[in-house]
Structures are given as structure tokens and as C-alpha cells.
Amino acid sequence: MTAPELPPPRSSLPEAASRFGAHLLASAAAHALDVEGVTGGPPGTPSLPAPPVTSASVLAARPLPAAPAAGAPAPSAGLERILRGPSGLGTAGLRLFPRDEPQAPPSPPAAAAEGRPVPGLYHHTVPEPDPGLVEEVSRRIKAWALDEVSLYPEDWEEQFDGFSVGRYMVGCHPDAPTVDHLMLATRLMVAENAVDDCYCEDHGGSPVGLGKRLLLAHTALDPLYTTEEYRPQWAESLHADAPRRAYRSAMEYFVRAASASQADRFRHDMARLHMGYLAEAAWAQLDHVPEVWEYLAMRQFNNFRPCPTITDTVGGYELPADLHAQAGMQKVIALAGNATTIVNDLYSYTKELDAPGHHLNLPVVIAEREGLSERDAYLKSIEVHNDLMHDFEREAAALAEACPAPGVHRFLRGVAAWVDGNHHWHQSNTYRYTLPDFW
């Protein structure tokens with residue numbers, strides 16, 4: 001028997017860019033951010049219906065900051081070029097806002113953000129999310145939670161409202177062309193939090209038996225293919241509790257708008273998330289505080305990565321799978337997830353200290369493993385975050401330089417916008433978060 005011919009080795013990033021660059025440039029008009037021109041997914045996928053409420057400010061870009069946070073270096077010229085978008089023939093529609101033109105203000109004007117940023121934390125300020133969009137997304141997500149998936153009992157309503165998921169997702173996805181696109185991310189965010197709260201933490205969660213619960217919930221994202229005899233039992237199990245109902249419904253909406261590649265990419269990142277949950281649960285069962293580097297390794301999996309990785313689906317376009325899978329892009333996405341998760345550790349620090357049990361977060365781990373005071377451990381955690389943010393921006397700029405395909409630049413801007421929107425939500429959500437008295 002003749003041995004099968006081995007496939008050629010996978011291409012490098014510039015080679016992949018060359019292969020896809022012509023296609024991306026040729027289809028730039030179809031992938032433009034103009035609301036009327038976005039189909040809601042890659043060619044061949046069904047269009048999302050137009051929403052009853054639209055807003056010009058959904059097209060607002062991540063603005064370049066007037067000045068970086070105190071003590072932080074300014075973004076590189078390469079990063080500024082990414083955020084402003086590509087130039088040249090046929091690329092105008094790929095920019096989140098017109099080059100050298102002022103952004104249209106939100107309508108009606110939004111109030112200034114509540115709360116204050118963590119002192120010394122490197123971040124970029126962003127405009128308040130458009131209140132009209134926030135109101136519509138908030139209305140729709142609450143109707144979905146109550147009417148479609150029976151997500152929470154009545155006495156959890158204040159907490160659901162206080163989470164302000166509408167503000168969160170509108171702020172993180174400024175290039176979403178319609179409210180329906182924003183809802184793709186919003187349902188998934190709510191479902192992920194239901195799993196975290198009900199399986200792992202606040203609302204009945206426990207490390208005991210977590211593996212079984214996560215595995216069964218994951219089949220709502222990654223369907224079980226089994227025999228006819230046992231399939232009905234599995235299908236019935238998807239309605240057994242609120243997390244599984246939420247996962248099942250949110251994923252059904254997502255796959256109708258996403259390509260097969262985008263859906264599988266998301267499933268992969270959710271498996272990463274669940275693996276991180278299990279590592280943290282194992283430490284909790286052993287009452288073990290990991291080394292700092294071990295904690296950071298866990299946080300690369302138990303983090304926000306599934307959110308920015310779907311930025312193209314929410315934006316109504318697709319970054320080709322070969323470009324998304326390149327090591328440079330994976331590094332950028334991982335760094336974005338790592339930095340935004342440390343933001344959560346810092347803003348939720350006092351909330352977790354006040355909660356029952358022993359919660360691991362970066363300041364707690366640094367204090368215990370490196371023998372620092374609570375204050376010094378918290379301040380060192382800020383430094384860790386800032387290093388991750390600078391690495392993220394440096395790697396994103398290098399990737400844009402190495403791979404000039406417009407779709408790559410647009411995806412990088414979407415990830416950067418998610419990073420900034422995530423910080424803005426944490427800073428301004430004073431219902432959930434207060435800063436420690438370390439300054």
C-alpha cells in the first residue's frame with residue numbers, strides 16, 4: 001500500500017495573510033460596518049433581522065486616549081494605526097469611525113461614568129455606552145432570561161439588574177451593526193455567569209461534583225451524538241437547570257448567526273474556561289493556595305477569553321479560521337483575556353473578601369505566597385496587569401505589521417475595544433464593586 005502523502009506544513013502568519021489578503025480586500029464592501037451592508041455573518045449564513053431600535057453610536061470606535069494613565073507609556077505608533085483602521089482604496093468601510101473626522105456624539109447625551117479607576121491601573125477611557133442601545137439590550141435580555149429560559153427566581157432580580165449586562169455588552173462591542181448582533185454576546189455572557197454563579201460560586205455553587213455539572217452543561221454548547229435510545233434523555237437534561245437552559249438557548253441563537261468555524265472556535269474557548277473552573281475547584285477542595293505563576297496559568301483558562309474571541313461574529317463579519325488560529329493571533333487573544341481577568345480580580349477584591357469562604361484572586365495569592373501585606377500585594381497585582389496590557393498592545397501592533405489583511409486589523413480593533421469596554425464596566429459598576437482603602 002502506498003503511504004499517504006503528507007500535507008505541507010502549516011503556513012506562517014505572513015504566508016496566511018498573503019493567501020487571504022486578496023479575498024479580504026475584494027470582499028471589504030460586504031464586510032463594511034455600514035448597518036445596511038452587514039449581513040450578520042460570513043457569506044452564506046442567514047441575515048439577522050433589523051432591530052426595532054438602532055443608534056448611530058453603535059458605530060463609535062474605540063477612541064485613542066488623549067493621554068495614557070499616569071505613569072504609563074503612550075501607545076505605540078503601530079497600535080494607534082490599528083485602532084484608527086486601515087487606509088487606502090476600498091478600506092473606508094473597515095474603519096470603526098471616519099479617519100480625521102469627529103465622532104458623532106451619543107443621542108441622547110450619556111452621563112459620565114460612575115466610580116473611579118484603580119489608581120495606577122493602565123487603561124484607556126471610553127465614552128459612555130449609548131443609553132438608547134443599553135435600554136433596548138437590557139429590555140431584551142431580561143425578557144429572554146425570564147420568558148425563554150427561566151433563568152432566575154424573583155428574589156434574584158435586583159442582582160440581575162445590578163449586573164448591568166446591557167451597558168457591559170454595548171460598551172464592549174462598539175462595532176456591532178444591530179441590536180440583534182449585540183444580543184448574541186449578551187445571551188452568552190449571561191449564560192456563562194449563570195454557570196459560574198450556580199455551579200461554582202454565589203448561588204449554590206460548590207467544587208464538589210463540579211466536573212459532572214460542567215460536562216453536562218458543555219453538551220448544550222457541543223451537542224451529544226448518541227444512540228436513538230438515549231438521545232431523548234440527554235435532550236431533556238438540557239432543560240434540567242437554569243445554566244443548561246441558558247447555554248442551550250444562547251448557543252442556538254449564536255450558531256444561526258455564526259459560521260461553523262466561529263461556532264467551533266467558541267466551543268473550544270468554552271472548554272478552556274471549564275478546565276480553568278475545574279483547576280480552581282480542585283485547589284478549593286484541597287484548601288490549597290497555588291504559586292503565583294500557577295494561579296496565572298489557571299487564569300489564562302478561567303478568564304474572559306470566550307468574549308473577545310467572538311468579536312467578529314458580533315461585528316457581523318468573519319476573521320478566516322487560518323488567520324484566527326495563527327500563533328500570533330492566539331497570543332494577542334490570550335493576553336487580552338489575561339489582562340481583563342486581572343481587572344476583575346482587582347475590582348472584585350473587596351467583594352470577594354466580604355463573601356463567605358476563601359476566594360482566590362491575584363492579590364490574595366501574591367500576599368500568601370510572597371509574604372506581602374494586603375496593600376503591597378494589591379499594588380503588585382496592578383503591576384502584573386499593566387505588564388500584561390503593555391504586552392497585549394505590543395503584540396497586537398506587531399501582528400498588524402506582520403499581517404496587513406484588513407480583516408486582521410478589524411479583529412484586533414474589536415478585541416482592543418472589548419478590553420477597554422470591560423474595564424469601563426468594572427470601573428463604573430458601583431452596584432457590584434468598591435475599591436479597597438489602600439490610597
Side-chain angles (χ1 to χ4, degrees), residues 65-76 79 112-126 168 201 276 279-280 283-284 287-305 334-396 416 418-439:
S76 67
L79 181 66
E114 296 181 1
R116 63 174 178 136
V118 171
L121 191 76
Y122 178 61
H123 68 281
H124 303 288
T125 59
V126 297
Y168 198 174
E201 302 214 6
E280 189 171 11
W283 291 333
D287 195 23
H288 172 71
V289 176
E291 298 287 348
V292 176
W293 73 265
E294 292 176 318
Y295 176 81
L296 292 172
M298 180 273 292
R299 272 314 218 176
Q300 181 159 311
F301 295 87
N302 178 4
N303 76 6
F304 288 115
R305 182 178 181 137
L335 285 167
N338 293 349
T340 53
T341 302
I342 302 307
V343 164
N344 181 264
D345 277 12
L346 293 168
Y347 279 97
S348 64
Y349 177 75
T350 56
K351 176 176 176 282
E352 292 184 346
L353 287 185
D354 292 340
H358 185 217
H359 289 261
L360 291 183
N361 54 53
L362 185 58
V364 165
V365 173
I366 289 177
E368 295 203 24
R369 281 299 186 176
E370 299 187 358
L372 299 181
S373 67
E374 290 182 353
R375 178 182 182 276
D376 288 345
Y378 191 93
L379 296 180
K380 184 169 183 180
S381 299
I382 295 172
E383 295 176 7
V384 172
H385 165 271
N386 292 352
D387 287 346
L388 290 170
M389 272 291 289
H390 296 320
D391 288 346
F392 161 68
E393 294 190 342
R394 181 169 53 251
E395 293 295 334
W418 202 95
V419 169
D420 290 346
N422 175 76
H423 173 267
H424 182 78
W425 176 82
H426 279 86
Q427 171 197 330
S428 59
N429 194 329
T430 53
Y431 173 86
R432 290 174 61 87
Y433 305 122
T434 57
L435 299 185
D437 187 19
F438 289 153
W439 297 275

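Everything quoted here is computed from the prediction, not taken from an experiment. What's counted below: heavy atoms across the whole structure, side chains too, no hydrogens, waters or symmetry copies. The first residue of the sequence shown is numbered 1, and numbering continues consecutively from there.
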If you measure from [atom1] on [X] to [atom2] on [Y], what distance do you get to the nearest 0.5 Å?
X      : Y      : atom1 : atom2 : result
Leu121 : His426 : CG    : NE2   : 11.0 Å
His359 : Leu353 : NE2   : CG    : 9.0 Å
Asn338 : Phe392 : CG    : CZ    : 11.5 Å
Glu368 : Leu360 : CD    : CG    : 8.0 Å
Ile342 : Asp387 : CD1   : CG    : 11.5 Å
Thr340 : Asn422 : OG1   : CG    : 5.0 Å

Look only at the side chain of [X] and the backbone of [Y], and say whether a donor-acceptor pair between them is shorter than 3.5 Å.
X      : Y      : result
Tyr347 : Val118 : yes
Asn429 : Tyr168 : no
Asn361 : Tyr349 : no

Listed partners of [X] passing side chain to side chain contact (heavy atoms under 4.5 Å, CB included), at least two apart:
X      : value
Thr434 : Thr350
Phe301 : Arg272, Met275
Thr341 : Arg299, Asn303, Phe304

For residues 374-381, run the donor-acceptor check on the side chains, cut-off 3.5 Å, and write out each pair with its distance to 0.1 Å, sequence neighbours left out.
residue: Arg375; atom: NE; partner: Phe438; partner atom: O; Å: 3.0
residue: Asp376; atom: OD2; partner: Ser373; partner atom: OG; Å: 3.4
residue: Tyr378; atom: OH; partner: Leu346; partner atom: O; Å: 2.8
residue: Lys380; atom: NZ; partner: Glu370; partner atom: OE1; Å: 2.6
residue: Ser381; atom: OG; partner: Ala377; partner atom: O; Å: 2.9

Residues in salt bridge (Lys or Arg N to Asp or Glu O under 4.0 Å) contact with Arg369, at least two apart in sequence or another chain: Glu291

Residue list, salt bridge (Lys or Arg N to Asp or Glu O under 4.0 Å) with Glu352, at least two apart or on another chain: none

Smallest separation among heavy atoms of [X] and [Y], with atom names:
X      : Y      : answer
Met298 : Ala279 : CG-CB, 3.9 Å
Gly120 : Ile382 : O-CG2, 3.6 Å
His385 : Ala339 : CD2-O, 3.2 Å

Side chain to side chain contact (heavy atoms under 4.5 Å, CB included) between Met389 and Val419, intermediate numbers included: CA-CA 9 Å; Met389 272 291 289; Val419 169; 3.7 Å; yes

CH2 (Trp293) with more than 12 external heavy atoms under 6.0 Å: no

Greater than 12 external heavy atoms within 6.0 Å of Asp354's CG: yes

Residues Val289, Tyr295; criterion side chain to side chain contact (heavy atoms under 4.5 Å, CB included); working and verdict: CA-CA 8 Å; Val289 176; Tyr295 176 81; over 6 Å; no

Side-chain heavy atoms of Pro119 within contact of Leu435, under 4.5 Å: yes

